[in-house]
Amino acid sequence: MATPAKPYKDTLNLPVTRFEMKANLAAREPALQQRWQSERLYDQIRQARSGQPRRVLHDGPPYANGDIHMGHLLNKVLKDLVVRYLTMRGYDSPYVPGWDCHGLPIEHKVVKDLGPRAAALDPAQIRDLCRADALRWVDIQRAQFQRLGILGDWDRPYLTLQPRYEAAILDVLADLVAGGYVFRQLKPIHWCPHDRTALAEAELEYRDQSTPSIYVNFPILNGTPAAWGDGPWHAMIWTTTPWTLPANVAIAVHPELVYLGIRYTDPDSGSPVQTILAADLVPKVLALRGITQFEELGRCTGAELEHAQYRHVFLDRASPIVLADYVTVADGTGLVHTAPGHGAEDYRTGQKYGLPTLSPVDESGRFSDEAPDWLRGQQVWQANPAIVARLRELGWLFHDTRFDHSYPHCWRCKKPVLFRATAQWFIGVDRDDLRGRTRKIIDDSVRWLPAWGRSRIGGMIDNRPDWCISRQRHWGVPIPVLYDDRTGEPHLTPASVRFHRDLFAREGADAWYTRPVDQLVPPDLDPSTHPIEHLRKGTDILDVWFESGSSHRAVLAGPDGLGFPAFLYLEGSDQHRGWFQSSILTAVATTGLAPFETVLTHGFVVDDKGEKMSKSVGNALSAVQATEQYGADVLRLYVASMDYADDVRMSERGIKESSEAYRKIRNTFRFLLGNLADYADFDPAAVHPASLHPVDRWALGLLNSVIREATDAFERFEFYRAYQRIYHFCSVELSSIYLDVLKDRLYAELPHGPDRRAAQFALARIHEALARLLAPILPHTCEEVWGFLPDQPARPSSVHLALWPEPDPAFDNPELANRFARLLELRERIFVALETLRKDKAIGSNQEAAVAIRLTPPAAAALQPDLELLTTLCIVSEITLTADPAAAEPIISATRSRHPKCERCWNLRPSVGLAADHPTLCARCVAVLRALEASPQTDPAASLSRPARPSTTPGSTPA
RNA sequence: GGGCGCAUAGCUCAGUCGGCUAGAGCGCACCCCUGAUAAGGGUGAGGUCCGAAGUUCGAAUCUUCGUGCGCCCA
């Protein structure tokens with residue numbers, strides 16, 4: 001290939017490598033992943049780390065539904081960075097991925113797809129369809145995670161639908177029952193009277209509806225401020241659901257709102273009425289009846305009305321006025337009719353004040369026997385007029401009109417739903433002071449990263465209500481309760497739950513649906529008092545948060561577990577409310593310990609404007625598509641580059657920028673490899689430390705600091721710090737300084753000579769350390785690079801079996817580092833001078849320049865010994881130094897060198913032309929050529945193309 | 001509406017205890033090289049440190065109140 005014009009080019013040691021500049025990750029990564037799989041890399045790593053100290057990152061299970069999105073990508077890549085780092089640090093760090101397989105979204109979708117046919121299927125058949133759907137998504141998501149290069153036990157994941165997992169859930173439940181935490185209580189839920197079924201929030205469709213709107217005066221018995229004078233006083237409420245009035249047990253006011261006690265004259269009867277209204281609403285409410293005049297008899301805050309008593313408008317019942325901060329003056333009267341059996345907020349208030357939860361409505365939406373005679377059997381909607389008429393007749397009705405508002409309807413039959421109290425199962429968070437004990441463990445025994453995670457989850461634990469663990473669905477783990485249909489009495493004991501646990505372990509939770517009752521009777525249920533013919537199976541399943549919250553039992557605990565507690569849980573910050581909380585509650589209640597030592601959270605993926613990604617807005621990036629287009633390593637680098645403690649901005653442009661950074665790193669590796677192709681020919685140990693140039697020792701000292709800082713960053717899970725440091729090293733310290741400076745030595749010196757070998761020694765060490773440092777972030781690229789390193793007996797076959805790099809104290813040299821810092825500062829000033837020269841077209845490359853520096857005499861004396869080093873660092877032909885007392889600041893001037901240019905090394909040297917046999921070369925190049933001619937074994941072409949590893953780089957044939 | 005957070009250059013990040021003209025890399029513009037070549041090198045332009053008020057000799061940094069955005073709850 002040598003052109004006659006440049007015969008000397010063939011005598012240079014130019015870079016040679018088969019490591020391609022073009023990454024082609026879309027094709028290369030899947031091939032590598034295939035290789036890892038067939039070589040069973042994960043198992044090899046497990047074996048290699050067997051017996052080492054364990055550090056387990058316990059995977060929080062994603063929901064098995066839909067393609068993975070950027071949030072999954074962020075989460076799983078962060079986990080992988082941790083696991084790979086721990087593994088390289090020598091820990092036994094298994095990673096068992098999991099999936100959350102039960103729950104409403106899958107069941108809802110399955111039922112929806114079935115349409116009318118769903119009604120004909122029994123629960124077991126629905127469950128079969130749900131299982132098939134969940135498993136299908138597990139397979140899809142598994143492939144998508146693997147495509148990202150996530151290292152884990154993908155052949156043996158944990159699934160919440162596995163019998164062994166379902167058994168573990170009941171194991172936890174049994175312990176909670178034994179601990180006295182589990183109880184049954186009425187709670188209002190959305191209920192469709194047409195379909196006679198419970199509905200989840202996600203199954204409601206809100207649409208506008210016209211309802212009654214009535215204002216009712218409740219007679220107050222006592223408790224109004226004394227200054228307001230004698231009664232009779234009233235409290236005026238507003239409601240759009242008259243049918244819930246039979247369940248009224250309180251009237252809620254806002255503690256800080258101002259209320260007025262007023263007297264107005266009823267336009268119909270002409271008699272005066274004294275009632276209470278929120279001050280802001282008095283004129284508006286009175287205007288409904290055309291009343292413009294009223295008398296203010298007193299005012300007070302809502303807080304002063306607390307505990308006042310009133311009498312129900314048509315029942316013989318006294319109830320209190322209570323405080324609730326959700327009361328507003330947006331609508332109504334500022335006094336809220338409260339029926340805990342018919343509303344979520346009302347229920348919470350009822351719990352707070354110990355009020356009864358009344359719900360005299362049956363499953364078809366008719367008033368039950370608990371309702372007054374005159375309502376019994378009526379559909380609640382149809383009873384509204386009767387109730388209004390009764391209020392009018394009794395004189396309590398202030399006003400009656402209509403109101404249009406958004407009201408929930410059933411997704412299936414499209415009819416309005418109601419809130420109806422039903423018996424639900426709970427975990428009492430105040431039983432045995434579970435709340436307080438959990439709070440103490442949160443405060444004292446868990447490390448939260450970032451630290452505010454503690455106050456976040458702590459506040460949630462402090463304020464959370466009892467945990468309702470029952471759901472009226474089919475796709476989940478049944479609460480194994482047997483009811484006596486004569487009394488409704490439930491049987492749920494530690495022994496009974498453990499009996500069903502063992503059954504589920506053998507047959508899965510399906511047994512509950514497929515086996516007849518007589519095969520489900522636990523040994524502690526006495527058939528003489530509870531005859532089998534009177535037993536019926538409970539139809540509730542467990543809250544899926546209870547399932548995933550039991551993963552510490554299913555995956556960590558026990559002889560086959562990964563180890564309890566886990567070293568780390570790592571999820572999005574929404575899990576303070578979700579998985580972290582359900583996990584710590586169940587773990588504290590059953591073991592007294594937190595299931596994790598450290599909890600690390602990340603923010604959410606948002607778009608380039610910082611707003612959340614959503615399909616409907618159209619700003620969501622596809623994780624699957626991005627991986628295909630740019631490659632997993634590019635996206636992994638992107639994730640590693642950002643501080644994930646806060647929200648993480650991701651955009652197409654960001655990925656492109658990450659892609660650029662990737663190319664820079666890849667090219668740095670490529671240059672290193674290109675200059676190490678013949679490195680296998682000699683023993684690095686044979687390179688004498690004294691042969692290293694100062695710049696080599698400087699670079700190796702820098703490498704030490706890179707290793708230390710990256711290690712420190714990984715230890716703190718601050719991957720972006722490691723990224724910034726490593727990237728800066730590649731881009732600035734290597735590419736633009738060290739490697740640039742090294743080119744003359746690498747290309748022009750004798751191939752096996754000490755100067756070139758010294759450089760290669762440094763490059764090899766840098767290369768190896770970089771490959772390891774970047775292996776967690778760029779597992780594919782580093783594995784590829786690893787295959788190009790010269791073979792050594794001690795090196796593992798995969799970089800992922802290798803250990804994390806260690807700094808070599810022999811290269812720590814602060815004095816040298818300081819010297820270089822000063823020289824590099826001077827170098828920058830020189831470059832500014834060269835730039836002027838270049839603009840003037842006086843020079844092209846730095847090699848053509850001659851630099852003159854004037855310094856004060858002491859400064860000049862200090863620089864003198866490093867003058868040659870500075871010349872090398874600047875890649876100029878010569879630098880002259882003059883002492884000048886006037887040069888307070890360095891005075892730098894540059895010209896084109898007057899020496900001729902060496903045709904081989906392109907330096908401008910006075911020695912060019914001195915040798916008669918090589919009239920266009922400098923003395924150094926002449927000497928190198930003569931040495932090459934004298935030593936027959938050094939054929940640079942053959943040497944440079946020798947493959948580093950025969951297996952991956954088949955030898956090229958010397959020309 | 002409440003709880004927990006975040007806000008420094010177009011992007012990703014530094015900025016110690018309150019103390020120099022607020023830094024780096026990328027990107028961008030311009031230039032060089034053509035022996036890392038769909039590479040490589042250089043120079044340069046980019047900042048209302050989210051806003052306002054306060055504390056202080058001095059605030060990106062501390063305090064308060066806002067604004068925007070996120071998660072969770074209502």
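Values below: all heavy atoms of this structure, side chains included; hydrogens, waters and symmetry mates excluded. To find a chain, count down the sequence lines: A is the first, B the second, and so on, and within it residues start at 1.
- For rC33(B) and rG51(B), the P atoms lie 45 Å apart once the distance is rounded to whole Å.
- For rG68(B), the O4'-C1' to base torsion is more than 90° from 0; the nucleotide is therefore anti.
- In this structure, the CD atom of Glu835(A) is 12 Å from the C1' atom of rC33(B), given to the nearest Å.
- Salt bridge Glu733(A)/Arg725(A): present, at least one basic N to carboxylate O contact under 4.0 Å.
- In this structure, rA7(B) and rU67(B) make a Watson-Crick or G-U wobble pair, each of the two defining distances being under 3.5 angstrom.
- Of the side-chain N and O atoms in Lys841(A), one or more sit less than 4.0 angstrom from OP1 or OP2 of rC32(B).
- Atom P of nucleotide rC13(B) and atom CG of Leu637(A) are separated by 12 Å, given to the nearest angstrom.
- Judged by Watson-Crick or G-U wobble contacts below 3.5 Å, the nucleotide rU48(B) has no partner.
- Between Arg456(A) atom CZ and rC6(B) atom P the separation is 12 Å, expressed in whole Å.
- A distance of about 32 Å separates the P atoms of rG25(B) and rU63(B), rounded to the whole Å.
- Nucleotides rC6(B) and rC62(B), compared at atom P, are 11 Å apart to the nearest Å.
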Checklist entry - Where do Glu784(A) and Arg28(A) land on the salt bridge (charged side-chain N to carboxylate O under 4.0 Å, His left out) test, with the steps shown first? => result CA-CA 9 Å; Glu784(A) 192 190 348; Arg28(A) 225 185 284 271; 3.3 Å; yes
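- If you check distances only, the side chain of Glu657(A) never reaches the base of rU12(B) with a donor-acceptor pair under 3.5 Å.
- Across the protein-nucleic acid pair, His728(A) atom NE2 and rU12(B) atom C1' stand 13 Å apart, rounded to whole Å.
- Relative to the side chain of Met21(A), the nucleotides rC32(B), rC11(B), rA36(B) differ in distance, and rA36(B) lies closest.
- Here Arg577(A) does not pair with Asp574(A) in a salt bridge; the nearest charged N to carboxylate O distance is not below 4.0 Å.
- Distances shown here put a side-chain N or O of Ser736(A) below 4.0 Å from the OP1 or OP2 atom of rG42(B).
- In this structure rU61(B) sits in no base pair that meets the Watson-Crick or G-U test at under 3.5 Å.
- Between Tyr727(A) atom OH and rG25(B) atom P the separation is 11 Å, expressed in whole Å.
- A salt bridge links Asp443(A) with Arg439(A): at least one charged nitrogen is closer than 4.0 Å to a carboxylate oxygen.
- Asp607(A) has its side chain out of reach of Ser651(A): every pair of non-hydrogen atoms, C-beta onward, lies at least 4.5 Å apart.
- Distance Phe831(A) CZ to rG40(B) C1': 13 Å, rounded to the nearest Å.
- Under 4.0 angstrom from either OP1 or OP2 of rG41(B) there lies at least one side-chain N or O belonging to Lys664(A).
- For rG35(B), the OP1/OP2 oxygens have a side-chain nitrogen or oxygen of Lys9(A) closer than 4.0 Å.
- Base pairing annotation: rA38(B) forms no Watson-Crick or G-U wobble pair, as no partner gives both donor-acceptor distances under 3.5 Å.
- Ionic pairing of Arg756(A) and Asp678(A) is present here: one or more N-O contacts between side-chain nitrogen and carboxylate oxygen are shorter than 4.0 angstrom.
- Of all nucleotides present, only rC13(B) satisfies the Watson-Crick or G-U wobble test against rG23(B), with each distance under 3.5 Å.
- Nearest nucleotide to the side chain of Val732(A), out of rU12(B), rC33(B), rG25(B): rG25(B).
- Distance, Leu12(A) CG to rA36(B) P: 10 Å, rounded to whole Å.
- Contact annotation for Gly459(A): no contact, since no heavy-atom pair falls under 4.0 Å across all strands.
- rA60(B) and rG40(B) are spaced 37 Å apart, taking the C1' atom of each and rounding to whole Å.
- Residue Glu715(A) qualifies as enclosed at atom CD: its count of foreign heavy atoms under 6.0 Å is above 12.
- Look at Tyr747(A) and you'll find a side-chain N or O under 4.0 angstrom from OP1 or OP2 of rA36(B).
- Checked against rU12(B), rG41(B), rA74(B), the side chain of Asp740(A) finds its nearest nucleotide in rG41(B).
- Distances shown here put a side-chain N or O of Ser731(A) below 4.0 Å from the OP1 or OP2 atom of rC26(B).
- Checking rG40(B), rA14(B), rU37(B) against the side-chain heavy atoms of Arg670(A) singles out rU37(B) as nearest.
- An OP1 or OP2 oxygen of rC71(B) is reached within less than 4.0 angstrom by no side-chain nitrogen or oxygen of Arg577(A).
- Of the two residues near RNA chain B, Tyr638(A) and Leu734(A), the one whose nearest nucleotide lies more 5' is Tyr638(A).
- Remark: rA29(B) base-pairs with rU43(B); criterion is Watson-Crick or G-U wobble with both hydrogen-bond distances under 3.5 Å.
- Distances shown here put every side-chain N or O of Arg653(A) at or beyond 4.0 Å from the OP1 or OP2 atom of rU12(B).
- Within the nucleic acid shown, Arg904(A) comes within 4.0 Å of at least one base atom, counting heavy atoms only.
- For a distance-only test at 3.5 Å, the side chain of Arg649(A) fails to qualify as a donor-acceptor partner of the base of rC11(B).
- Each of Asn846(A) and Pro15(A) was matched to the nucleotide of RNA chain B holding its nearest heavy atom; the match closer to the 5' end belongs to Pro15(A).
- The side chain of Tyr720(A) contributes an N or O atom lying less than 4.0 Å from OP1 or OP2 of rA14(B).
- Closest to the side chain of Lys612(A), out of rG70(B), rG5(B), rG27(B), is rG70(B).
- Nucleotides rC28(B) and rG47(B) place their C1' atoms 16 Å apart, quoted to the nearest Å.
- Taking 4.0 angstrom as the limit, Ser455(A) places a side-chain polar atom (N or O) nearer than this to OP1 or OP2 of rG5(B).
- Here rC4(B) presents its P atom at 22 Å from NE2 of His602(A), a figure rounded to the nearest Å.
- In this structure, rU55(B) makes no Watson-Crick or G-U wobble pair, since no nucleotide meets both defining distances under 3.5 angstrom.
- A donor and an acceptor atom sit less than 3.5 Å apart, one in the side chain of Ser735(A) and one in the base of rA36(B).
- Under the side-chain hydrogen bond (donor to acceptor under 3.5 Å, both in side chains) rule, His899(A) has a single partner from Glu848(A), Glu878(A), Arg909(A), which is Glu878(A).
- Checked against a 6.0 Å centroid threshold, the rings of His254(A) and Tyr326(A) do not count as neighbours.
- Across rG41(B) and rU37(B), the matching C1' atoms stand 13 Å from one another, rounded to whole Å.
- As rounded to the nearest Å, rU8(B) and rC49(B) have C1' atoms that lie 4 Å from one another.
- Spacing between rG1(B) and rC11(B) at atom P, rounded to whole Å, works out to 29 Å.
- Relative to the six-membered ring of Phe19(A), Arg666(A) meets both conditions, a distance below 6.0 Å and an angle of at most 45° to the axis.
- Nucleotide rG1(B) forms a Watson-Crick or G-U wobble pair with rC73(B), both donor-acceptor distances falling under 3.5 Å.
- Checked against rU12(B), rG70(B), rG44(B), the side chain of Glu611(A) finds its nearest nucleotide in rG70(B).
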